[in-house]
Amino acid sequence: MTRALVTFSDDQAEAWDRIAAVLSQAGVDLAEATCQPVSEERRATLAVMGKAGSGKTMLLAELTSALLQAGVDLISGDYEGRRKRERRSLAVLAPTNKAASVLRARGVAATTIHRILYTPVYDPEYERIAEWLTGTITRPTIEGLTDTALDRAHAFYAQVKSIPGAMAAAGLRGADFITGWKRREDPLDIGFIDESSMLDARQLEDLQELFSTLILFGDPAQLAPVNQSAGMVFDSLPAPAKLSLNRIHRQAQDNPILDLAHSLADPDLGFEDFETRVAEAARQDERVQLAERVDSDLMARSPVLVWRNATRLRLITAFRRAHDAPETALLPGEPLICDGLELPLKHRKKRIDLEARGLIKGAQVVYLGAGRKPGFSRLHIFGAEEPQISVASIIKIETDPDEEPFIPYAANMGAAFVHGAAVTIHKAQGSQWPDVQVFAPDLFAAARAGRSEGGIALWKRLAYVAITRAEHRLHWVIRNRLARPRSPLGTEDLATGPAPIVLAAQD
């Protein structure tokens with residue numbers, strides 16, 4: 001099959017050639033579209049670095065396509081059949097569900113790092129359907145499933161390479177065919193990691209141990225992980241292993257949001273001058289909005305991005321008051337963020353179940369309503385392939401940084417959540433929303449503080465990360481005010497479906 005020709009910039013072509021050379025040494029020839037068995041002796045790590053619009057995702061997508069053309073098997077998080085040793089494999093990963101869903105929306109079959117570390121265990125009877133769909137066995141006969149149901153599964157899989165999706169098309173739920181999860185024991189082959197600026201040194205070591213050939217894709221202008229001493233994991237790589245993309249590509253040109261982001265590289269640019277540029281962009285293009293106040297309706301699905309935790313709490317409190325939310329309960333439609341899983345060691349399997357299905361720290365969810373048992377909540381997980389979930393939850397509503405949070409719902413153990421109407425810019429990395437509100441008074445405070453990170457003014461790093469979270473429209477909020485909501489909170493905009501997993505409050 002002939003691949004469509006893609007025109008690369010010089011820096012993309014150079015990065016392609018360097019990566020192709022490393023893959024060739026590992027036994028995968030992109031030019032000839034051929035594979036040799038994996039060589040355990042060869043290990044390599046490369047980093048492709050570039051700012052927003054430089055073509056990182058395009059390069060990742062083209063490399064993925066070329067590897068599949070060469071016969072490399074793509075490993076997803078939903079099903080992995082019995083692999084032969086001589087077969088080569090590729091996994092495309094991101095640190096968060098939201099970042100993985102951004103890639104999937106662009107045609108790259110990505111999953112999360114957590115999801116690839118744990119593999120699903122299928123019921124043997126239903127696993128035969130997965131083996132049939134992936135071409136391993138002939139069409140099976142499954143008790144309880146009609147030929148019509150299998151035809152629906154086959155038709156779905158022909159369009160979308162998702163085993164759970166095909167199973168759902170046949171009328172099955174995840175709880176029907178997935179009996180549990182297990183930690184991956186065997187090493188993997190080739191790994192592409194997007195949003196690698198979010199990784200810490202320990203995660204990089206784990207990935208290097210898992211993959212013999214590891215390619216990192218990251219933006220050096222973003223904020224480093226909090227525990228990384230202002231450095232990125234790719235900073236420690238030797239110079240020959242770091243590939244830079246500098247050109248802003250045609251699809252990113254004439255984009256006022258990216259123009260503003262890249263203008264922050266000017267070392268002489270001050271905060272007031274930058275705000276003048278934002279105002280000028282807003283006058284010329286509706287994709288940039290100079291907002292007098294925060295839009296509370298947008299907060300329900302895309303959080304306001306702030307620097308200071310105190311600002312985050314004030315905005316969350318104002319949001320809940322604007323929607324007349326009671327102090328002792330949540331309204332369906334309120335946004336939450338997973339703050340971790342509070343489970344003892346003996347419940348490791350339940351933790352694996354939840355993390356593999358997308359409920360990891362930082363996951364963005366919407367409260368749908370109370371569960372059937374006390375302390376349980378029904379939730380919608382953004383970016384998850386099966387978004388509906390019922391889980392024992394510990395929900396914390398914070399109002400003051402110096403006081404203990406109010407807990408309207410609490411199981412003895414389970415998933416912990418904080419409110420998600422506003423988040424810090426650090427926690428927003430890896431996510432994107434159609435509309436993004438940036439709380440400029442906080443960035444002004446960062447500019448007045450005079451702090452820097454990695455030799456760059458902190459307010460510029462914060463502004464760059466916040467601005468590049470916007471897919472279509474940037475709202476630069478210049479006043480410490482909140483507009484009243486135009487419509488009540490609801491869940492009608494979220495896809496409905498069965499809650500595939502329940503975490504028991506206690507055994």
Side-chain angles (χ1 to χ4, degrees), residues 98 289 291-306 308-339 362-371 375-382 387-391 393-401 403-410 415-425 427-428 431 433-442 466 469-470 473 475-496:
K98 190 69 175 177
Q289 301 284 323
E292 290 285 337
R293 59 191 67 200
V294 175
D295 187 324
S296 56
D297 291 294
L298 287 177
M299 292 173 73
R301 295 296 176 265
S302 58
V304 181
L305 306 187
V306 304
R308 298 174 293 192
N309 189 54
T311 306
R312 179 181 71 90
L313 298 185
R314 285 199 300 270
L315 284 169
I316 288 171
T317 300
F319 170 84
R320 300 199 76 236
R321 287 175 178 169
H323 282 284
D324 294 324
E327 292 185 2
T328 58
L330 289 179
L331 296 175
E334 287 198 64
L336 301 172
I337 294 177
C338 181
D339 198 37
Q364 299 160 21
V365 308
V366 170
Y367 179 75
L368 301 178
F376 277 63
S377 299
R378 292 183 294 110
L379 306 169
H380 177 100
I381 307 174
F382 284 114
Q388 305 296 321
I389 188 171
S390 178
V391 63
S393 52
I394 304 164
I395 298 176
K396 307 171 186 177
I397 304 298
E398 305 160 282
T399 57
D400 190 306
E403 296 181 4
E404 288 296 314
F406 174 73
I407 301 178
Y409 311 109
F417 298 92
V418 295
H419 209 278
V423 302
T424 61
I425 295 170
K427 287 193 174 182
S431 298
W433 297 272
D435 284 71
V436 163
Q437 299 184 86
V438 179
F439 195 70
D442 254 22
R469 301 311 92 204
R473 187 174 289 105
H475 302 257
W476 187 263
V477 181
I478 61 175
R479 297 282 185 270
N480 190 8
R481 300 172 183 169
L482 179 74
R484 285 201 164 274
R486 295 180 293 275
S487 57
L489 288 168
T491 60
E492 296 79 9
D493 58 311
L494 304 174
T496 58

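Residue numbers count from 1 along this sequence. Predicted model, so just to flag it, every value in this text is computed and none were measured. In what follows, every heavy atom counts, from backbone to side chain, and hydrogens, waters and symmetry copies are set aside.
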Novice: Could you go through the side-chain contact (heavy atoms from CB on, under 4.5 Å) check for I395 and I407 one step at a time?
Specialist: CA-CA 6 Å; I395 298 176; I407 301 178; 5.6 Å; no
Novice: With sequence neighbours excluded, tell me which residues meet side-chain contact (heavy atoms from CB on, under 4.5 Å) with A440.
Specialist: E275, W476
Novice: Under the side-chain hydrogen bond (donor to acceptor under 3.5 Å, both in side chains) rule, collect the residues that match up with S296, sequence neighbours excluded.
Specialist: none
Novice: Got a sec, which pairs hit side chain to side chain donor-acceptor pair (under 3.5 Å) with one end in residues 315-329, sequence neighbours left out?
Specialist: R320-E334
Novice: Can you sort out the partners of H475 under ring pair (Phe, Tyr, Trp, His ring centres under 6.0 Å), two or more places apart, ordered by chain and number?
Specialist: none
Novice: To the nearest 0.5 Å, how far apart are CD in Q364 and CZ in R301?
Specialist: 11.5 Å
Novice: Which residues pass the side-chain contact (heavy atoms from CB on, under 4.5 Å) test with A483, not counting sequence neighbours?
Specialist: R293
Novice: Rounded to the nearest 0.5 Å, how far apart are CD of E292 and CG of N480?
Specialist: 12.5 Å
Novice: Would a distance-only check, ignoring hydrogens and angles, find a side-chain to backbone donor-acceptor pair under 3.5 Å from S390 to L379?
Specialist: no
Novice: According to salt bridge (Lys or Arg N to Asp or Glu O under 4.0 Å), who are the partners of R481, at least two apart in sequence or on a separate chain?
Specialist: none
Novice: For this output row, return yes or no: ring centroids of H380 and Y367 closer than 6.0 angstrom.
Specialist: no
Novice: If every non-hydrogen atom of L305 is compared with every non-hydrogen atom of A428, which pair is closest and at what distance?
Specialist: CD2-CB, 3.7 Å
Novice: Considering the options V304, T424, V306, which one meets the side-chain contact (heavy atoms from CB on, under 4.5 Å) requirement together with T311?
Specialist: V306
Novice: Kindly determine whether W433 and V436 satisfy side-chain contact (heavy atoms from CB on, under 4.5 Å), including the steps that lead there.
Specialist: CA-CA 6 Å; W433 297 272; V436 163; 3.8 Å; yes
Novice: Using the side-chain contact (heavy atoms from CB on, under 4.5 Å) criterion, which residues pair with A318? Sequence neighbours excluded.
Specialist: L482
Novice: Show the nearest heavy-atom pair for residues G333 and L489, with the distance to one decimal.
Specialist: O-CD2, 3.9 Å
Novice: Could you go through the side-chain contact (heavy atoms from CB on, under 4.5 Å) check for T399 and F406 one step at a time?
Specialist: CA-CA 8 Å; T399 57; F406 174 73; over 6 Å; no
Novice: When rounded to the nearest 0.5 angstrom, what is the spacing between CG in L336 and CD1 in I381?
Specialist: 11.5 Å
Novice: How close do P441 and V477 get, counting heavy atoms only, and between which atoms?
Specialist: CD-O, 3.3 Å
Novice: Which residues pass the side-chain contact (heavy atoms from CB on, under 4.5 Å) test with R484, sequence neighbours left out?
Specialist: none
Novice: Quick one: closest heavy-atom pair of C338 and F417, and the distance?
Specialist: CA-CD2, 3.6 Å
Novice: Would you say P335 and F319 make side-chain contact, with heavy atoms under 4.5 Å?
Specialist: yes
Novice: Not counting sequence neighbours, which residues clear side-chain hydrogen bond (donor to acceptor under 3.5 Å, both in side chains) with R312? List them please.
Specialist: N309, E398
Novice: Just jot down the salt bridge (Lys or Arg N to Asp or Glu O under 4.0 Å) partners of E404, sequence neighbours excluded, or say none.
Specialist: none
Novice: V366 vs L494, test: side-chain contact (heavy atoms from CB on, under 4.5 Å). Steps then yes/no.
Specialist: CA-CA 9 Å; V366 170; L494 304 174; 3.7 Å; yes
Novice: Quick check for you: to the nearest 0.5 Å, what is the distance between R314 atom CZ and D400 atom CG?
Specialist: 10.5 Å
Novice: Side-chain contact, heavy-atom cut-off 4.5 Å: I389 with V365?
Specialist: no
Novice: Within this structure, what is the CD1-CZ distance for the pair I425 and F439, rounded to the nearest 0.5 Å?
Specialist: 11.0 Å
Novice: S302: which residues meet the side-chain hydrogen bond (donor to acceptor under 3.5 Å, both in side chains) condition with it, sequence neighbours left out?
Specialist: none
Novice: Heavy atoms only: give me the nearest P332-T491 pair and the separation to one decimal.
Specialist: C-CG2, 4.0 Å
Novice: Using 0.5 Å steps for rounding, measure from the CD atom of Q437 to the CE atom of M299.
Specialist: 7.0 Å
Novice: Heavy-atom distance under 4.5 Å between the side chains of R479 and V294, does that happen here?
Specialist: no
Novice: With sequence neighbours excluded, what pairs up with R473 under the side-chain hydrogen bond (donor to acceptor under 3.5 Å, both in side chains) test?
Specialist: E286, D435
Novice: Quick check: does any side chain N or O of D297 sit under 3.5 Å from a backbone N or O of P485, one acting as donor and the other as acceptor?
Specialist: no
Novice: Can you see which heavy atom on P326 is nearest to which on L331, and at what distance?
Specialist: CD-CD2, 3.9 Å
